[in-house]
Amino acid sequence: MDFSAGCMPCIDDIDMQVLAAMAATPPQVGFEFDPTASPFPAQPPATASPEVDTAAAGESESADERRLRRRISNRESARRSRARKQRRLDELRDTAAVLERRGRELAAGARAARGRLALALLANAGLRAEAAVLSRRLAAS
């Protein structure tokens, strides 16, 4: 299974659309952290000003953008991880093929050696029989 050949083309399309949308939105400027401010407001103001709504929207957009960038980063990381896994799998398959070929070569060599051993044993048995015949002949004379 090859993951590097565009396993999920629809995600790439979505990423491109999101990046284009991010480029079209102007960057949010002017947000500062106030460590003295309470994280829990006492009472919301009776008449909310548009500036406060814009600031809250800007912070949520900023959080959304960070979330989106993180999601895109995670997808890229997953893509790289799948590519590494595929390369490792290919390397292991290549190694397995080399080892299987070497095993077949060794098995063929062992069969050849057993065949030569059998021939040597036959020749040795024939020579022993001939030696026995010659020994009897020598003893008889």
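We're numbering straight along the sequence, starting at 1. Not measured: the values here are computed from a predicted model.
Remark: Arg80 pairs with no residue by the salt bridge (charged side-chain N to carboxylate O under 4.0 Å, His left out) rule, at least two apart or across chains. Residues passing the side chain to side chain contact (heavy atoms under 4.5 Å, CB included) test with Arg88 are Glu91, Leu92, sequence neighbours excluded. Considering only residues two or more places apart in sequence or on other chains, Arg101 meets the side-chain hydrogen bond (donor to acceptor under 3.5 Å, both in side chains) condition with none of them.
Annotation: salt bridge (charged side-chain N to carboxylate O under 4.0 Å, His left out) contacts involving residues 128-141, sequence neighbours excluded, are absent. Pairs engaging residues 104-115 under the salt bridge (charged side-chain N to carboxylate O under 4.0 Å, His left out) rule: Arg102-Glu105 [sequence neighbours left out].
The one candidate from Arg93, Lys85, Arg87 that meets the side chain to side chain contact (heavy atoms under 4.5 Å, CB included) condition with Leu89 is Arg93.
Grouped by direct or indirect side-chain proximity (heavy atoms under 4.5 Å, Ile/Leu/Val/Met/Phe/Trp/Tyr only), Leu138 sits alone. Under a 4.5 Å side-chain heavy-atom criterion applied to ILVMFWY residues, the cluster that includes Leu117 comprises Leu121 as well.
A donor and an acceptor atom, one from each side chain of Ser73 and Arg69, are nowhere located under 3.5 Å apart.
Distance check: Ser81 OG to Gln86 CD gives 11.5 Å after rounding to the nearest 0.5 Å.
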